[in-house]
Amino acid sequence: MYEIAHRVLVLRTDPPRDVTATIGVPYEEPTGDWSCPYRIDGLDGWEHERKVTGVDSLEAIELALAMVRAALAGSHEAREGLLSWDEAPSEQRPQTVYVSWDKIRDVAYIAMKHEIAPEETVSQVEAADVVLDFGNTGQLLGLELTDAATRLPSEMRI
């Protein structure tokens, strides 16, 4: 595969290892459709070249980027918070959070990752009507918000 773009992420395991996502050059198939190869090295199950097909080269690239993004974000490693981009831009970037809202009790929980095991929370801090859950390295895992109907931003009320 001829590479047009790649990004190296770090898998924070012991020892740490690289996860490399690569997008290849799109090419025209005999049918007239366009395909774009991609590959993710360092994640179990993704070590071989794959491709997506679109109506033109731009759509093929867009689909390849979407597949890589979905594969990385949906991986077990990402859900456990083990994937990081050491060369990430220093400016503030959007982060996905996961919101659950118990409308009957009017309590919302905003999690910083997809799933949090009960044993991951090693300390809690209460501040006003918020309970902050922290992991063993001090990272914020999530927060519980009371009076969610009025305090939870409208775009987060699902």
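All of these numbers come straight from a predicted model, not from anything done at the bench.
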Quiz prompt | Nearest heavy-atom neighbours spanning Leu83 and Leu72 | solution = CD1-O, 4.0 Å
Exercise. Would you check if the side chain of Glu80 reaches a backbone N or O of His76 as a donor-acceptor pair within less than 3.5 Å?
Key: no
Quiz item: How many angstroms lie between OG1 in Thr20 and CG in Leu9, if you round to the nearest 0.5 Å?
Solution: 8.0 Å
Practice problem: Check Asp18 against Val10 and note the closest heavy-atom contact, atom names and distance. | Solution: OD1-CG2, 4.5 Å
Self-check item: Interatomic distance, Glu59 atom CD to Asp33 atom CG [nearest 0.5 angstrom]
Solution: 9.0 Å
Quiz item: Does a donor on one side chain and an acceptor on the other come within less than 3.5 Å for Tyr109 and Asp133?
Solution: yes
Quiz item: Just by modelled atom types, is the Thr22 backbone N or O under 3.5 Å from a matching donor or acceptor in the Arg7 side chain?
Solution: no
Quiz item: Between Leu141 and Glu120, is a side chain to side chain contact (heavy atoms under 4.5 Å, CB included) present by the stated rule, with each step listed?
Solution: CA-CA 8 Å; Leu141 298 175; Glu120 285 184 87; 4.0 Å; yes
Exercise. Provide the closest heavy-atom pair for Cys36 versus Gly24 in the form atom of the first, atom of the second, distance.
Key: SG-O, 3.3 Å
Self-check item: Val122-Val131 co-clustered via ILVMFWY side chain contacts under 4.5 Å
Solution: no
Self-check item: Closest heavy-atom pair and its distance - Pro37, Tyr27
Solution: CD-CE2, 3.9 Å
Quiz prompt | Partner of Tyr38 by side-chain contact (heavy atoms from CB on, under 4.5 Å), out of Ile61, Val68, Leu65 | solution = Val68
Self-check item: Trace of the side chain to side chain contact (heavy atoms under 4.5 Å, CB included) decision for Val107 with Glu144
Solution: CA-CA 7 Å; Val107 174; Glu144 184 177 293; 3.5 Å; yes
Quiz item: Can you name the closest pair of heavy atoms from Met112 and Leu143 and give their distance?
Solution: CE-CD2, 4.4 Å
Quiz item: When you measure from the side chain of Arg39 to the backbone N and O of Ala21, does any donor-acceptor pair fall under 3.5 Å?
Solution: no
Quiz item: Is Val19 close to Ile40 at the side-chain level, that is, under 4.5 Å between some pair of heavy atoms?
Solution: yes
Quiz prompt | Nearest-0.5 Å distance, CG of residue Leu82 to CZ of residue Arg17 | solution = 9.5 Å
Exercise. Determine whether Ile110 and Ile116 fall in the same hydrophobic cluster, where Ile, Leu, Val, Met, Phe, Trp and Tyr are linked whenever their side-chain heavy atoms lie under 4.5 Å apart.
Key: no
Quiz item: Is the shortest heavy-atom distance from the side chain of Glu77 to the side chain of Leu43 under 4.5 Å?
Solution: yes
Quiz item: Is any side-chain heavy atom of Leu140 less than 4.5 Å from a side-chain heavy atom of Phe134?
Solution: yes
Quiz prompt | Asp106 side-chain N/O to Ala148 backbone N/O, donor-acceptor pair under 3.5 Å | solution = yes
Quiz item: Near Glu119 CD, under 6.0 Å, is it more than 12 heavy atoms from other residues, nucleotides or ligands?
Solution: yes
Quiz item: So, Gln139 side chain and Thr137 main chain: donor-acceptor pair closer than 3.5 Å or not?
Solution: yes
Quiz item: If you measure from CG on Leu58 to CH2 on Trp34, what distance do you get to the nearest 0.5 Å?
Solution: 11.0 Å
Exercise. Kindly indicate whether the side chain of Glu29, heavy atoms from C-beta on, has any atom under 4.5 Å from the side chain of Lys51.
Key: yes
Self-check item: Check: Thr13 side chain, Pro15 main-chain N or O, donor-acceptor pair, under 3.5 Å
Solution: yes
Exercise. Indicate the atoms forming the closest heavy-atom contact of Thr150 with Asp147, along with that distance.
Key: OG1-OD2, 2.7 Å
Practice problem: Determine whether Met67 and Ile4 fall in the same hydrophobic cluster, where Ile, Leu, Val, Met, Phe, Trp and Tyr are linked whenever their side-chain heavy atoms lie under 4.5 Å apart. | Solution: yes
Exercise. Could you check if a side-chain atom of Val52 sits within less than 4.5 angstrom of a side-chain atom of Ser35, using non-hydrogen atoms only?
Key: no
